[in-house]
Protein chains: 2
Amino acid sequence: MRESQVAEARPYHHGDLSRALIDAARRLLEAEGPSALSLRAVAREAGVSPAAPYHHFKDKGELLEAVAGEGWDMLDAAIARARAQAPSIHQALNEIGVAYVCFARDNPALYRVMYDTARDREALPGDMATINKDSAYCKVRDTLIEAGGADPRDPIDIELATTAAWCSAHGLAEMSGFKQFAHLKDALGGEEAFFRAIFQHMGLGLPRTPN
Amino acid sequence: MRESQVAEARPYHHGDLSRALIDAARRLLEAEGPSALSLRAVAREAGVSPAAPYHHFKDKGELLEAVAGEGWDMLDAAIARARAQAPSIHQALNEIGVAYVCFARDNPALYRVMYDTARDREALPGDMATINKDSAYCKVRDTLIEAGGADPRDPIDIELATTAAWCSAHGLAEMSGFKQFAHLKDALGGEEAFFRAIFQHMGLGLPRTPN
DNA sequence: TCTCAATCTTAGCGCCGTAAAGATGTCTTG
DNA sequence: CAAGACATCTTTACGGCGCTAAGATTGAGA
C-alpha cells in the first residue's frame, strides 16, 4: 500500500458511478431507513462529491426510480420462485401472497420507495402487464385465472380480480411491520403463519359467492 | 382600516396557535401535498415565526400526529355514517369499505400522514379497539361478526378477520389514486363503482370456504 | 403594581437539493 | 502523436429545511 489512505484514493473517473450510486442508495436505505436517504449521503457513501450524481441522474427522484426498478425485479423473481415451488394451483396464490409480503417485510424501505415512485408515474403494477410479461402482476393474473378466481373470457373481470388480490397483498405488506400484530404473530407461531392466516381470511382466488 | 396591512397585524399572543397550526397544516397538506408540508411553511401560513410552533409541539412529528389524530376522527365518523346507512348487514361491509376508500381518495395527503405517523408508533388501528370504542376498527369488527365473517367465540379469529378486511381496504385505498385504473373506472362507470367491484372480488366478510 | 411564566421573535447551526462554473481525465480526429 | 472536443468529477454557492438558544413582549397572579 503506497498510502495510509484506507479508501485508496479513487482513481481518475471512478468507472461505473451509476452502479455505485444505486448500490450505495440501497445500502443506506435498508441501513438507515427511507428518511435518511439523501442524495448527499448517497454521494458520501459512494465516495464522490455532492454534485457528482447529477451527471448520471436528472435529480434525486431519478435515482430513486432506478433503485425502485431493481426492487421490482427482485419482487418479480421472488414471486416466480414462490409460484414454481407451490404444490398445487390453489396453494400457489397463497404462496405468492406470502412471498410478496415477506419481500416487503425483508425490504421495508425498498418497498416503500417502489410504491412512492410508482404513485406519481404513469406506469404502475396494473400496467406492467403491458410492459413485462415476466412481471409479478402477470404471474398473479395467470395464477388467478388458472385457479378459477377470474373468468378467463372476461378481460375486465380478470383485471378486477388481479387488482383485488394485488391490493389485498399490498395492504398487508404495508402493515406487516406494524407492532400491534405482535401478539397475533406470537399466538400463531410466527410471522409467516400470521401472513398465511390473513390470506386465508382474504380468500384470495376462491370462487366468489354472490353478495 | 387603520393600516393598509391586509393581515391586520396579529395581536399580542395570537390566542390559540395550536389550533391555527393544525388547521394551517391541513390546508397546506391537501393543497400542496405531503412533501410540501414543512414546519416553516405551516408557521408562514399561520402568520407566525418559524420557531413559534415549538412552543406548542415538541417537533414536526408531534404536529403531524395531531393532524393525523383529526384524520382518524374524520375516518371514524365516515365509517359510522356508512354503517348507519347500509340497508342490510351484508351490504354494510361493502359500504364501509367504499366509505373507507372514498375517504382516502378525498383526503389523500391526510391519509398518508395518518399511516406514516401510525407506522412508527405503538398504537395502530388494531390497537384502537382498546382505546376508542367508537373507532372505525371496532365498527368493522362488529359488522364482520354480525355478518358471519368471523367466529364470535374465537377472539383470534375475530382479530384475523378484521385485520384481513382492514388490510384489504387499506391496500385499495393506497392505490386508489393510481392512474392506471382509469380505464377500469371508465369501464365500470365511475370510481365508486370500481371500488365496489374490487370489494366484490375481495369477498369481504363472506363465510369462508376451505382452501 | 411588580414579578413571573408563557408566548413569540431573531439569529444561527448544520443539513438538504440543486445549479453554475472550473478542473481533470478520456476519446476522437487530423 | 498532437489537439481539441467531450464526459466526468469538484468547488462553490443559493435558498429552504428542522431545530436550538437567547432575547423581547405580554397576560396573569402575587
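Throughout, a chain's letter reflects where its sequence line sits, starting with A, and its residues are numbered from 1. Values below: all heavy atoms of this structure, side chains included; hydrogens, waters and symmetry mates excluded.
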Trainee: Measure the distance from CG on A:Leu17 to C1' on D:dT10 and round it to the nearest whole Å.
Mentor: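 After rounding, the gap between these two atoms is 13 Å.
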Trainee: Which whole-number value in Å describes the distance from A:Glu62 CD to C:dG17 P?
Mentor: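 Rounding to the nearest Å, CD of A:Glu62 and P of C:dG17 are 15 Å apart.
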Trainee: Salt-bridged, A:Arg27 to A:Asp23, with N to O below 4.0 Å?
Mentor: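 No, A:Arg27 and A:Asp23 are not salt-bridged.
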Trainee: Five pairs at each end of the helix from C:dT1-D:dA30 to C:dG30-D:dC1: take the axis at both ends and give me the angle between them to 10°.
Mentor: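 The two end axes of the helix from C:dT1-D:dA30 to C:dG30-D:dC1 meet at 10°.
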Trainee: Only counting residues at least two apart or in another chain, list the ones meeting ring-ring contact (aromatic ring centres under 6.0 Å, His included) with B:Phe194.
Mentor: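 Testing B:Phe194 for ring-ring contact (aromatic ring centres under 6.0 Å, His included), a comparison that skips the adjacent residues, returns B:Phe181.
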Trainee: How many Å lie between CZ on A:Phe57 and P on D:dT8, as a whole number?
Mentor: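 About 12 Å, once rounded to whole Å.
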Trainee: Measure from CG on B:Asp16 to C1' on D:dG27 and round the result to the nearest Å.
Mentor: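 That distance rounds to 16 Å.
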Trainee: What's the closest nucleotide to the A:Ser49 side chain, out of C:dC8, D:dT10, D:dC9?
Mentor: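 Of the options given, the side chain of A:Ser49 lies nearest D:dT10.
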Trainee: With the criterion being N/O to N/O and under 3.5 Å, what pairs connect the protein with nucleotides 17-20 of chain D, and how long is each?
Mentor:
from: D:dC17; atom 1: OP1; to: B:Ser38; atom 2: OG; distance (Å): 3.0
from: D:dC17; atom 1: OP1; to: B:Arg44; atom 2: NH2; distance (Å): 3.4
from: D:dC17; atom 1: OP2; to: B:Arg44; atom 2: NH2; distance (Å): 2.6
from: D:dG18; atom 1: OP1; to: B:Leu39; atom 2: N; distance (Å): 2.7
from: D:dG18; atom 1: OP1; to: B:Lys60; atom 2: NZ; distance (Å): 3.3
from: D:dG18; atom 1: OP2; to: B:Leu39; atom 2: N; distance (Å): 3.0
from: D:dG18; atom 1: OP2; to: B:Arg40; atom 2: N; distance (Å): 3.0
from: D:dG18; atom 1: N7; to: B:Arg40; atom 2: NH1; distance (Å): 2.5
from: D:dG18; atom 1: O6; to: B:Arg40; atom 2: NH1; distance (Å): 3.1
from: D:dC19; atom 1: OP2; to: B:Tyr54; atom 2: OH; distance (Å): 3.1
from: D:dC19; atom 1: OP2; to: B:Lys60; atom 2: N; distance (Å): 2.9
from: D:dC19; atom 1: O5'; to: B:Tyr54; atom 2: OH; distance (Å): 3.3
from: D:dC19; atom 1: N4; to: B:Arg40; atom 2: NH1; distance (Å): 3.2

Trainee: Restricting to side-chain hydrogen bond (donor to acceptor under 3.5 Å, both in side chains), what partner residues turn up for B:Arg26, sequence neighbours left out?
Mentor: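 Applying side-chain hydrogen bond (donor to acceptor under 3.5 Å, both in side chains) to B:Arg26 gives B:Glu70.
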Trainee: Return a table of donor-acceptor pairs under 3.5 angstrom between the side chains of residues 51-62 of chain A and protein atoms on other chains or two or more places apart.
Mentor:
from: A:His56; atom 1: ND1; to: A:Ser18; atom 2: OG; distance (Å): 3.0
from: A:Asp59; atom 1: OD1; to: A:Gly61; atom 2: N; distance (Å): 3.2
from: A:Asp59; atom 1: OD1; to: A:Glu62; atom 2: N; distance (Å): 3.0
from: A:Lys60; atom 1: NZ; to: A:Leu37; atom 2: O; distance (Å): 3.1
from: A:Glu62; atom 1: OE2; to: A:Lys58; atom 2: N; distance (Å): 3.2

Trainee: Quick one: salt bridge (Lys or Arg N to Asp or Glu O under 4.0 Å) partners of B:Glu146, sequence neighbours excluded?
Mentor: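 For B:Glu146, the residues satisfying salt bridge (Lys or Arg N to Asp or Glu O under 4.0 Å) (neighbours in sequence not counted) are B:Arg83.
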Trainee: In this structure, how many angstroms lie between the C1' atom of D:dG23 and the NE2 atom of B:His55, rounded?
Mentor: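 My rounded result for the distance is 11 Å.
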Trainee: Can you run down the salt bridge (Lys or Arg N to Asp or Glu O under 4.0 Å) pairs that involve residues 95-111 of chain B, sequence neighbours left out, and say none if there aren't any?
Mentor: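 Residue pairs passing salt bridge (Lys or Arg N to Asp or Glu O under 4.0 Å), neighbours aside: B:Glu95-B:Arg196, B:Arg105-B:Glu191.
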Trainee: My understanding is that only residues two or more places apart in sequence, or in another chain, count here; which of them pass salt bridge (Lys or Arg N to Asp or Glu O under 4.0 Å) with B:Arg112?
Mentor: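 Scan of B:Arg112 (salt bridge (Lys or Arg N to Asp or Glu O under 4.0 Å), adjacent residues dropped) gives A:Asp116, B:Glu174.
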Trainee: Which whole-number value in Å describes the distance from A:Leu64 CG to C:dC16 P?
Mentor: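 About 14 Å, once rounded to whole Å.
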Trainee: Not counting sequence neighbours, which residues clear ring-ring contact (aromatic ring centres under 6.0 Å, His included) with A:Tyr100? List them please.
Mentor: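 For A:Tyr100 the ring-ring contact (aromatic ring centres under 6.0 Å, His included) partners, ignoring immediate neighbours, are A:Tyr111, A:Trp166.
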